[in-house]
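Below, chains carry the letters A, B, ... as their sequence lines are ordered, and counting in each starts from 1. Basis for what follows: all heavy atoms, side chains included, without hydrogens, waters or symmetry-related copies.
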Amino acid sequence: MCERILEGRKRKTKNEEDEAMGFADFGGYFESKKAKLVDQFKETAGNTNVKSNIFKGIAIFVNGLTNPNSAELKKLMAEHGGVYHGYQMSSTTHIIASNLAYAKTKNLGSVPIVKASWITDSIELRKLLDYKRYILFSNQSAAQPKLNFPILPGGENDIAKETEKDSLGSVKTVSSSPEIEKSRITKTASDPKFLEEFYNNSRLHLIATMGAEFKQLVGQLREKSDGKFLGKELLLSKGNPSSKRTYSSVVMHIDMDCFFVSVGLRNRPELKGKPVAVTHARNGQISSVRPGRSAEIAMNLERAPENIVEKISNLDSHSSMSEIACCSYEARKCGIKNGMFLGTAVKLCPGLKTIQYDFQGYKEVASTLYKTVASYTLDIEAVSCDEMYVDVTKLLNDCGVVVDQFATHLRAEIMEKTGCPCSTGFGANKLQARLATKKAKPNGQFYLEVDDVETYFSEIPLGDLPGVGRATLSKLKNLGLVTCGDVQVSSLSILQSELGQKVGETLMEQAKGIDKKPLNFHHERKSVSAEINYGIRFKTLEESYNFLQSLSQEVFNRLNDIGMKAKCLTLKLMVRSADAPTETAKFLGHGICDSLSKSITSNVAITDVKTIFKEAKQLYDKFNVPFEDLRGVGIQLSKLEKIGPTSSVMSNFLKQNSVINENKVTVDVIPSNDVGVMKNKQEVKQESVSVKNDSKKNSINTLNKKETKSKRGRPAGTKTKAKGNVKSKTSPSPMLDKYLKNMGTPVKTNFQNIDMGVLYELPEELRNEIMKEYQLQHQVITKKSGEREIQVADVKPQPSELKQKIEEKKSPFDGLSWEELKPILKTWMTSEADPKEIDVEMISEHFRQLAIDRKIENLKVIFNFLHRTFEKLNCKWHNAYFSIVNTTQQGMVARYGGTLMVERRFSCCK
DNA sequence: ATCCTCCCCTAC
DNA sequence: TAAGGTAGGGGAGGAT
């Protein structure tokens, strides 16, 4: 069914609307921008009958070589209501060019320079597309923001802004090499907007996030279900409960047929029955050769696994490496597969049509699909946006319909409501149902009855089993096993020794059609992550830190959205392999890489961005990877725990306030186990304290107003920088004494942080002792402003006795009753003139935890007491009180979704 | 034995 | 040009 490129001459008749619009010829044209057809097109270029008006108001001037060339563009403009200028005039609205050098060197005023594909794509889609997506180079200056050409509705004119950004960028850069020019129009991860833009265009991101959303949706629907099922009621009226067959267990697997294509074809009916693929690129060929492509291909051929080799074997220097997200069954007949590069696919099937992504459409159809199924039963296990398992046993028995009747009924309904075909498979368990679907596809249904299971499975190729992918398949092939039948009669122990204990066992069961896993209607998240392995090209260390920060924010938002906190953070990096070419075969791809990961586990959960960034950065620094070789970055949070429901107001508040603003950091690493060196650093720190005090007036005040917002859940023992008071260095606080007595030192398990500020609060002797015992290393972070501060110390594994102690006692006040705590607090308040930040934090943290642990009986009493006592002290103490209250309220909000009523005023302040 | 970390594999 | 994400299962091998 492949439509060959040369068949363009005897083009098939389009639908009537197309004929009337005069578009009959364009399908053929756009099948290729290849020379042969371009020539053919030229022959007919004489007649200029107007076919549409899409370029009304547009006047183009074509510079240099373009594809299609200027003569063709002239004709196209004439046919579609536009104007063609032989040279640039004041009324020229767009310049069409493909040569970047031209765009750079010419000063053409405020006319956008746009790729020719803007014209061709607009014609193909029969509407004027937003030219901004086709800009080759923007030469408008911020001083000339006015546009004298039509702007499409919805598209904000951000050209001026872009240019401004460009000029800012060039201020920073000393020279203006071609690479830098290119990077201006190329969004890499160095661009602050990259993350958003990438996610808006990533199919894999969409698949992953939609899958998670529908799993969550099913859970929610089940919780608030009223037990009424409209679809079921209708089915009941059609069924015949008296002459029913009773089923013992029927699982339905339902899967949309080539989902993305089906959704896309709803608006392109003329492409039905043709080989169609969904891709970002429009053409199988790219105009310029990518440097390094041949080198990467050669390297892959040498060492990559079979499937990678297969994927690149047909590529040449001009093939598009845009991936096919989904292709139609007609395309599959030519050997095209999902995930294949467009360049490769076009070689297999030159008539392949490409259609654009329709992310909104996917969401709508998926939503309708779920809604439809949910009108029959909520015994649904969501697999992804277009696939689910449904336990229909009860439904069938209740309604008195047989499997086939139900399948026909449901599939017709889905087709009617979504306009997209689906297939359904039925069996006694998930595995059987899934493999039944395989036979049902496309657009069909199949019930694998119990008696047929053994025979059916014996013929199934092993690669069809869920969980058997490339690697497993190749191992099995080496064992001489090809079908499930082969595995059925092979030895379990051999399978297990080759594949592993569990995998071997599961495989043996699967081969026989056995699946012990029940349907999972309630899904519990075990991890949250965000990773980007595309567009990572850092030019400075700072850029890489900034990206890590954006990613921290992203992953925090996701954690926050599901109302959880995490005890484990993993940083994943993809790094260019030692001998891999610097230029990747694929534009902004990751190329040949090594994958690395490191994780950190703490005994107190992470609940804020700041900590996420801090930990991620620490791990990143530990890898010590040259930032230029970085090709991928990911942050994963695991060991999740639920936090109580947070009100939406509070949630938004926390999100806003958790954004890290200190985004300009450079690093000056001083690794050392030498206490002597640390002494020197002490002096550095004193300097930094004085700077800080100058700029921030009152440290407690700062703590109260800003910092506590992002300090939720700071791990015990990870104290913040000591900002105050050089004097305190010589006299340790009684609270710290108490703390040290209970905790040993404020450290976490494994490689955790000690804040150097805390150490400098200690008497020198004690400090040296601690540092010796824990073999401290530390880094000095220098801020751009010139401020210096010591951030963290790295701790080697500690004596196990101490570790145990720490695990037993999270807070120094843990387990103390109010009666026991009260005198301690009293002593604290009378021991010093001013409160110490570290003490305030410890107490705040303790009360926050009390709130979270629902131990609130005493909190009101405590706050009354605190308020009464603090009233007699100075305003620094009052601020300390506010800080304690604020932190505790965060715990209240997290736990109960509301705050505790406490006194928030003192007569002397505010 | 059992746990943990760093992977690898798989699916959509 | 191109948008190579994300979650879960599980194995190897070291630490306890």
Side-chain angles (χ1 to χ4, degrees), chain A residues 115 117 182 185-189 194-212 214-215 255-256 259-260 279-283 285-290 293 305 311 318-323 325-326 338-339 341-343 357 382-388 434 463 465-475 496 499-506 517 520 523-536 555 558 568 570-572 574 584-591 593-601 631-632 634 636 638-639 750 797 800 803:
Chain A
K115 287 178 263 183
S117 50
K182 251 186 223 169
I185 52 167
T186 297
K187 271 216 170 97
T188 68
F194 172 80
L195 211 53
E196 186 188 348
E197 194 161 315
F198 175 77
Y199 281 140
N200 284 338
N201 288 291
S202 164
R203 73 185 200 278
L204 290 172
H205 171 74
L206 182 94
I207 290 171
T209 48
M210 279 178 78
F214 283 109
K215 283 175 191 179
D255 191 11
M256 303 299 285
F259 186 53
F260 285 8
T279 55
H280 279 295
R282 298 273 70 87
N283 302 306
Q285 299 286 99
I286 54 173
S287 51
S288 59
V289 183
R290 279 206 48 76
R293 173 172 291 188
K311 196 169 171 181
H318 282 272
S319 303
S320 164
M321 286 181 79
S322 179
E323 282 187 21
C326 183
N338 292 352
F341 292 127
L342 181 59
Y357 284 88
V383 177
S384 70
C385 59
D386 75 325
E387 187 184 343
M388 67 187 101
R434 169 189 280 257
L465 291 177
V468 178
R470 159 174 72 80
T472 315
L473 201 59
S474 123
K475 284 179 194 168
Q496 286 180 321
L499 307 172
Q501 195 78 21
K502 196 108 176 189
V503 178
E505 191 186 323
T506 327
K517 274 175 290 176
N520 183 11
H523 182 69
E524 268 230 333
R525 271 295 196 83
K526 291 181 177 145
S527 68
V528 179
S529 67
E531 45 200 280
I532 304 287
N533 300 311
Y534 177 86
I536 305 290
V555 80
R558 295 181 195 183
C568 180
T570 306
L571 181 76
K572 304 182 187 189
M574 284 187 87
T584 54
K586 183 174 185 152
F587 174 67
L588 292 184
H590 57 55
C593 281
D594 299 328
S595 310
L596 309 171
S597 83
K598 256 187 208 299
S599 62
I600 187 161
T601 307
R631 292 289 179 270
Q636 183 186 60
S638 52
K639 299 188 183 164
N750 292 339
S800 59
K803 185 176 166 184

Would you mind classifying the nucleic acid contact of [X] as base, sugar-phosphate or nothing, using non-hydrogen atoms under 4.0 angstrom?
| X | result |
| --- | --- |
| A:N200 | nothing |
| A:E531 | base |
| A:G591 | base |
| A:L588 | nothing |
| A:E524 | sugar-phosphate |
| A:A530 | sugar-phosphate |
| A:K572 | nothing |
| A:G535 | nothing |
| A:L465 | sugar-phosphate |
| A:G467 | sugar-phosphate |

In whole angstroms, how far is the [atom2] atom of [N] from the [atom1] atom of [X]?
| X | N | atom1 | atom2 | answer |
| --- | --- | --- | --- | --- |
| A:Q636 | C:dG5 | CD | P | 14 Å |
| A:M321 | C:dG4 | CE | C1' | 10 Å |
| A:F214 | C:dT6 | CZ | C1' | 16 Å |
| A:N338 | C:dG5 | CG | C1' | 16 Å |
| A:N520 | C:dA7 | CG | P | 16 Å |
| A:K475 | B:dT10 | NZ | C1' | 12 Å |
| A:F587 | C:dT1 | CZ | C1' | 5 Å |
| A:E197 | C:dA3 | CD | P | 14 Å |

Overall bend of the helix from B:dA1-C:dT16 to B:dC12-C:dG5 (five pairs an end, 10° steps) is 10°

Distance check, rounded to the nearest 0.5 Å: [X] atom [atom1] versus [Y] atom [atom2]?
| X | Y | atom1 | atom2 | answer |
| --- | --- | --- | --- | --- |
| A:Q285 | A:S319 | CD | OG | 5.5 Å |
| A:Y534 | A:H205 | OH | NE2 | 15.5 Å |
| A:M256 | A:C326 | CE | SG | 11.0 Å |
| A:L342 | A:N283 | CG | CG | 8.0 Å |
| A:K517 | A:T506 | NZ | OG1 | 7.5 Å |

Under a 4.5 Å cut-off applied to non-hydrogen side-chain atoms, are A:M574 and A:D594 in contact?
-> no

Protein-proximity profile, nucleotides 9-16 of chain C, B/S/- by nucleotide at the 4.0 Å heavy-atom cutoff, equals SSS-----

Give a yes/no verdict on a cation-pi contact between A:R293 and A:F341, requiring under 6.0 Å between NZ or CZ and the six-membered ring centre and an angle within 45° of the axis. no

Item checked: A:Y357 and A:F260 aromatic ring geometry - parallel, tilted or perpendicular at 30°/60° bounds -> perpendicular

Against the side chain of A:N533, the closest entry in C:dG4, B:dC7, C:dG5 is C:dG5

Among the nucleotides B:dC8, B:dT10, C:dA7, whichever has the atom closest to the side chain of A:S595 is B:dC8

Presence of [X] side-chain N/O under 4.0 Å of [N] phosphate oxygens OP1/OP2:
| X | N | answer |
| --- | --- | --- |
| A:K311 | C:dG4 | no |
| A:K598 | B:dC4 | no |
| A:Y199 | C:dT6 | yes |
| A:S529 | C:dA7 | yes |
| A:T472 | B:dT10 | yes |
| A:R470 | B:dT10 | no |
| A:S384 | B:dA11 | no |
| A:S287 | C:dT1 | no |
| A:S322 | C:dA3 | yes |
| A:H523 | C:dG8 | yes |
| A:R558 | C:dA7 | no |
| A:S527 | C:dG8 | yes |
| A:R203 | C:dG4 | yes |
| A:S599 | B:dC6 | yes |

Stacked pair A:H590-C:dG4, distance under 5.5 Å, angle under 30°: yes

Say whether, by atom type as modelled, one donor and one acceptor occur between the side chain of [X] and the main chain of [Y] under 3.5 angstrom.
| X | Y | answer |
| --- | --- | --- |
| A:H280 | A:N201 | yes |
| A:R290 | A:A585 | yes |
| A:K586 | A:M321 | yes |

Taken in chain and number order and not counting sequence neighbours, the residues that satisfy side-chain contact (heavy atoms from CB on, under 4.5 Å) with A:A212 are A:R525

Between the side chains of A:K187 and A:E196, is the shortest nitrogen-to-carboxylate-oxygen separation below 4.0 Å, so that they form an ion pair?
no

Nearest-nucleotide check on DNA chain C, A:S320 vs A:A208; residue mapping nearer the 5' end is A:S320

